[in-house]
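Please read these numbers as outputs of a predicted model, since none were measured by experiment. Residue numbers begin at 1 in each chain, while the letters A, B, ... track the order of the sequences.
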There are 2 protein chains.
Amino acid sequence: MTDRRTDLPVDVDDAVLGTHRTEPGDGVDDMTGPTSRGIPEATVARLPIYLRVLGALADAGTRTVSSDELAALAGVGSAKLRRDLSHLGSYGTRGVGYDVEHLAYQVSRELGLTQDWPVLIVGVGNLGSALAGYAGFASRGFRVCALVDADPDVIGTTVRGLRVQPAAELEDVVRHTGACIGVLATPAPVAQRMCDRLVSAGVRSILNFAPVVLTVPADVDVRKVDLSMELQILAFKEQRKTSKAIAASPVLGSAAGGVR
Amino acid sequence: MTDRRTDLPVDVDDAVLGTHRTEPGDGVDDMTGPTSRGIPEATVARLPIYLRVLGALADAGTRTVSSDELAALAGVGSAKLRRDLSHLGSYGTRGVGYDVEHLAYQVSRELGLTQDWPVLIVGVGNLGSALAGYAGFASRGFRVCALVDADPDVIGTTVRGLRVQPAAELEDVVRHTGACIGVLATPAPVAQRMCDRLVSAGVRSILNFAPVVLTVPADVDVRKVDLSMELQILAFKEQRKTSKAIAASPVLGSAAGGVR
DNA sequence: CTGACTTTGTTCCAACGTTCACAAACACGT
DNA sequence: ACGTGTTTGTGAACGTTGGAACAAAGTCAG
């Protein structure tokens with residue numbers, strides 16, 4: 001089912017009118033659904049991993065896979081994996097395992113990857129340019145539909161086959177391309193401003209690479225990719241490992257304080 | 001102290017995704033101390049955010065800050081923030097708040113940022129090159145100490161002031177530079193191999209940008225930065241939002257289309 | 001010095017996520 | 001057809017995380 005959404009008013013192309021059955025309804029958080037949309041956040045975060053592993057298995061010609069094998073390949077426990085998959089339905093066969101292709105399709109569908117997601121990249125510097133060329137973008141329903149930047153030297157140039165458009169026309173670009181997802185790859189000082197403009201233009205999903213905490217309305221989702229944060233977390237763990245090693249050392253037993 | 005202006009955007013280009021293997025092994029056995037090192041994972045993940053906000057406040061000349069203000073700036077609840085900070089000691093003053101500089105120093109110290117962390121980047125493509133130039137690297141104790149690549153055309157060239165060394169000599173480079181953290185920015189197919197070599201050379205902290213699930217010994221920490229995963233999670237939420245919007249629409253009330 | 005006010009650090013509890021363990025369900029060999 | 005072995009899906013214990021509320025501890029005005 002191709003369900004293409006532009007963000008304009010409401011498009012009624014494939015919607016069927018008529019039936020009743022208003023089930024999820026509650027304005028805020030629906031979760032009362034029987035089998036409906038009660039998928040935990042943590043599970044959603046792992047589905048892409050499963051999908052990637054399933055893709056690799058399919059490429060290798062594997063037809064079926066057990067939860068143990070799949071879990072090992074994904075780096076999680078098998079119980080967790082089975083529970084995760086159970087949230088999207090019973091697609092396994094007891095005594096056998098899961099059909100790789102079918103399961104991959106179901107996961108794809110649940111994640112919404114069977115439709116097309118136009119992505120707008122804001123900020124075409126080193127990062128934005130690299131992102132525009134990222135193969136993973138095109139691979140699973142994501143399509144870079146436009147690039148915008150504020151730098152006059154960059155506007156008008158062609159990056160990865162797309163012409164960079166002026167940031168001043170951001171709203172028009174969103175409207176014209178029907179972009180659903182905005183990627184912020186700007187310098188930190190302008191990220192919030194650009195974010196606000198994306199939101200007011202109708203974008204409700206934002207992937208932020210700028211090292212700032214964005215403020216957005218409640219119905220907008222922001223995910224952050226922050227290299228410096230990841231490094232700091234690694235440093236913390238490394239430090240903890242090192243201090244433990246020192247404590248365990250028969251010689252340095254209690255020299256404490258020492259740093260590497 | 002000082003302002004560290006971190007950050008510009010980071011860059012990710014052609015590979016993103018990884019895995020991480022946090023397991024029961026991550027061990028915190030020693031709870032013997034007064035300030036027992038029992039800091040929860042979730043708290044550690046937020047410390048870098050607090051640190052960034054504190055840096056911004058210091059730059060703005062703010063001397064003290066309350067938990068409410070700090071929490072608002074960091075985008076978390078004030079109760080959560082206070083509990084997070086309580087894990088590293090009592091550095092606040094009741095009735096007043098926290099001394100910005102002092103708290104920043106304490107957080108830095110807890111994260112291990114008062115020491116120098118030599119970082120080795122493996123893979124100097126579009127992504128690796130952008131990473132090498134990332135300002136956030138140098139800003140907080142992280143120092144890119146070496147670049148390696150397998151491509152003969154790249155080896156020997158100078159990127160961001162560093163000469164790219166042959167991947168064949170990776171072990172020597174690690175030994176010579178004393179690198180503690182390895183950043184994998186290689187194509188997916190060679191990521192595991194390079195990872196293994198990093199580990200056997202003694203690197204125990206790895207930041208992985210390659211879209212593969214890495215397998216490592218229990219005492220090695222791997223963190224992943226995965227663009228494709230983030231996009232898929234956004235797509236899921238966007239899909240959920242639109243289906244809810246459709247359900248709530250008086251006109252399209254319950255076409256129930258693609259649901260399950 | 002005293003009392004009122006502010007804000008931290010902590011305690012309690014509810015919600016969420018993970019792991020264990022096992023019955024139900026299915027394939028397969030005999 | 002029937003028992004045996006395998007694997008899923010799930011009920012229930014367990015641990016972790018988040019949020020409200022509050023006493024302790026400090027400041028500040030007078």
**Item:** Nearest-Å distance for atom pair CG/P, residues Leu70(A) and dT7(D)
**Value:** 14 Å

**Prompt:** Do Arg82(A) and Ser67(A) have side-chain N/O donor and acceptor atoms under 3.5 Å apart?
**Reply:** yes

**Request:** Quickly work out the Arg82(A) CZ to dA23(C) P distance and round it to whole Å.
**Result:** 15 Å

**Prompt:** Tell me, do Leu51(A) and Leu113(A) make a side-chain contact under 4.5 Å, heavy atoms counted?
**Reply:** yes

**Request:** Starting at atom CG of Leu103(B), determine the distance to atom C1' of dG9(C), rounded to an integer number of angstrom.
**Result:** 14 Å

**Request:** Using atom CG of Asp68(A) as one end and atom P of dC20(C) as the other, report the distance to the nearest whole Å.
**Result:** 12 Å

**Prompt:** Once you round it to whole Å, what is the distance between P of dG26(D) and OH of Tyr91(B)?
**Reply:** 16 Å

**Item:** Non-hydrogen side-chain atoms of Leu227(B) and Phe209(B) separated by less than 4.5 Å
**Value:** no

**Prompt:** Touch check for Gly92(A), heavy atoms < 4.0 angstrom, all strands: base, sugar-phosphate only, or nothing?
**Reply:** sugar-phosphate

**Prompt:** Without hydrogens or angle criteria, can the side chains of Asp221(A) and Ser205(A) be said to hold a donor-acceptor pair below 3.5 Å?
**Reply:** no

**Request:** State, without any angle test, whether Thr64(A) and Asp99(A) hold a side-chain donor-acceptor pair at a distance under 3.5 Å.
**Result:** no

**Prompt:** Would one find a side-chain N or O of Thr93(A) under 4.0 angstrom from OP1 or OP2 of dC26(C)?
**Reply:** no

**Asked** Which residue, Val220(A), Val222(A), Leu214(A), Thr215(A), forms the side-chain contact (heavy atoms from CB on, under 4.5 Å) with Val199(A)?
**Response** Val220(A)

**Request:** Nearest whole angstrom, please: distance from the C1' of dT10(D) to the CG of Leu81(A).
**Result:** 14 Å

**Asked** How is Gly77(B) classified with respect to the nucleic acid when contacts are heavy atoms under 4.0 Å: base, sugar-phosphate, or nothing?
**Response** nothing

**Message:** With a 4.0 Å cut-off on N to O distance, would you call Lys237(B) and Glu41(A) a salt bridge?
**Reply:** yes

**Prompt:** More 5' along DNA chain C: Ala79(A) or Tyr98(B), using each one's nearest nucleotide?
**Reply:** Tyr98(B)

Quick one: which protein N/O atoms are closer than 3.5 Å to N/O atoms of nucleotides 11-14 of chain C? Pair and distance per line, please.
from	atom 1	to	atom 2	distance (Å)
dT11(C)	O4	Arg83(B)	NH2	3.0
dC12(C)	N4	Arg83(B)	NH2	3.0

**Request:** Look up atom CD in Glu110(B) and atom OH in Tyr105(B), then write down how far apart they are to the nearest 0.5 Å.
**Result:** 11.0 Å

**Request:** Grab the CZ-P distance between Arg94(B) and dT10(C) for me, whole Å please.
**Result:** 7 Å

**Request:** Please determine, by modelled atom types, if Ser228(B) and Gln232(B) share a side-chain donor-acceptor pair under 3.5 angstrom.
**Result:** yes

**Asked** At under 4.0 Å, does any side-chain N or O of Lys80(A) touch on OP1 or OP2 of dT19(C)?
**Response** yes

**Request:** Could you tell me the separation between the CZ atom of Arg46(B) and the P atom of dT16(D), rounded to a whole number of Å?
**Result:** 15 Å

**Prompt:** Going by heavy atoms closer than 4.0 Å, what residues in residues 57-66 of chain A are next to DNA chain C?
**Reply:** none

**Proximity to the side chain of Pro40(A) - top-ranked nucleotide from dT27(D), dG17(C), dG19(D)** = dG17(C)

